[in-house]
2 protein chains.
Amino acid sequence: MQHSLSSQIGLLLRFAQAAVWGDLLDTFKPFGFRPQHYAALKIVDSKPGCKQQDLGGALGISRSNLVMLIDELVEQKLIERRQNLEDRRSNALHLSARGRALLPELDRGQQAHEGRLASLLEEGEQEILVALLRKLGKLRKLDVT
Amino acid sequence: MQHSLSSQIGLLLRFAQAAVWGDLLDTFKPFGFRPQHYAALKIVDSKPGCKQQDLGGALGISRSNLVMLIDELVEQKLIERRQNLEDRRSNALHLSARGRALLPELDRGQQAHEGRLASLLEEGEQEILVALLRKLGKLRKLDVT
DNA sequence: TATTGTTATACTCTATAACTATA
DNA sequence: TATAGTTATAGAGTATAACAATA
């Protein structure tokens, strides 16, 4: 083999993602939740009235595992499950006033995290990284049932 | 927030790593093990007589969780735990003849995997990706106890 | 006193299957 | 018959704490 272990993309990706995810976990721990909670709030904020499964694809979480995630946000009174009058099987998700008020603070946390990332990268590398990661994601369509 | 959710590096990294890792899992499943098993074999091959914890840092696995991983390789008679005469606390890991014979086949699997990755990337992008992932990894020293 | 390997255990994540209510 | 949400549970992966042997 021509490649040394430390250049294998699989392991490198694993370590990089562990590092970045760990920083994100620390970022949102003070608020009592994980990066997915923040991402869920952002989606509901941009798509008021969306149904739970709309979050599934964006977050890579199955509908059964979404339930608990949303439960936790409901418990903290940050989002609400309202009735969808057009299709009563689904819930219409909305941010509460409390959730809306909390978002800017969470955004600052996210920005601080992104700042730490940016400090590791040269100018323009962030965009390159995003493009490359998108390409890698194509290796496998994650089908979130 | 100026960023759309799909450009957040944290989630993108998560999805990319899930995709690549999934492909790696499929790659080594026919042999009855996971990517870490292959990585461990490669390390022992390049550092005959190394001790178990030498694998820890390279694989990001704690010494307690390494035990089972190595157990599995020993069960398949691919590596051997020999006595380290200089320090009898540690084991000296060696590939068995069977393990050595299996490596080329595993390497072909790994190369097929890398080929699938390469088909997603333009010329030279793989090297850029490796450099960027290394930088991101610096965000957090994973201390494998 | 510190280190290597080991064991046992707890905890988190994710996956799966079955159920209900609606469509 | 299919879909949205829910529940319960199993499994994998990881983390933690204690122990024996050796240094």
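Just so it is clear: chains get the letters A, B, ... in the order the sequence lines come, proteins before strands, and each one is counted from 1.
Atom P of nucleotide C:dG5 and atom CG of B:Asp71 are separated by 12 Å, given to the nearest angstrom. One interatomic measurement links the two molecules: CD of B:Glu86 to P of D:dA21, which rounds to 22 Å at whole-angstrom precision. A:Leu59 has its CG atom 14 Å from the P atom of C:dC13, to the nearest Å. For the pair A:Leu85 CG and C:dA23 P, the computed distance is 11 Å after rounding to whole Å. Note: CG (A:Leu69) to C1' (D:dT7) measures 16 Å, nearest angstrom. The separation between A:Ile61 atom CD1 and D:dT6 atom P is 14 Å, rounded to whole Å. Atom-to-atom, CZ of B:Arg88 to C1' of C:dT3 comes out at 15 Å; the value is rounded to the nearest Å. Rounded to whole Å, atom P of D:dA10 lies 15 Å from atom CG of A:Asn65.
At D:dT6, one or more side-chain N or O atoms of A:Gln52 fall inside 4.0 Å of OP1 or OP2 (strictly under the cut-off). Taking 4.0 angstrom as the limit, A:Asn84 places none of its side-chain polar atoms (N or O) nearer than this to OP1 or OP2 of C:dT22. At the phosphate of D:dA17, neither OP1 nor OP2 sits under 4.0 Å from any side-chain N or O atom of B:Arg63. For A:Arg81 and D:dT6, the shortest distance from a side-chain N or O to OP1 or OP2 is below 4.0 Å. Proximity of A:Gln53 to the phosphate of D:dA4: a side-chain N or O atom is located under 4.0 Å from OP1 or OP2.
Salt bridge present: B:Arg34 and B:Glu72 bring a charged side-chain N and a carboxylate O closer than 4.0 Å. Using a cutoff of 4.0 Å between basic side-chain nitrogens and carboxylate oxygens, A:Asp107 and A:Lys42 are scored as salt-bridged. A salt bridge does not link B:Lys47 with B:Asp54: every distance from a Lys NZ or Arg NE/NH1/NH2 to an Asp or Glu carboxylate oxygen is 4.0 Å or more. A:Asp26 and B:Arg140 are joined by a salt bridge, as a carboxylate oxygen and a charged side-chain nitrogen come within less than 4.0 angstrom of each other.
Here D:dA23 is the nucleotide among D:dT6, C:dA21, D:dA23 with the atom lying nearest to any side-chain atom of B:Asp87. Looking at the side chain of B:Arg89, the nearest of the listed nucleotides D:dG5, D:dA23, D:dT3 is D:dA23. The listed nucleotides are D:dG5, C:dT4, C:dC13; the one nearest the side chain of A:Arg34 is C:dC13. For B:Gln36, whose side chain is taken as the heavy atoms from C-beta onward, the closest listed nucleotide among D:dT14, C:dG5, D:dA4 is D:dT14.
Side chain A:Ser62 to base C:dT16: no donor-acceptor pair is found below 3.5 Å.
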B:Arg81/B:Gln52 under side-chain hydrogen bond (donor to acceptor under 3.5 Å, both in side chains): CA gap, chis, key distance, verdict: CA-CA 9 Å; B:Arg81 283 185 174 105; B:Gln52 297 188 188; 2.8 Å; yes
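Residues A:Arg14 and A:Ser64 each lie close to DNA chain D; by heavy-atom proximity, the contact nearer the 5' end of the strand is made by A:Ser64.
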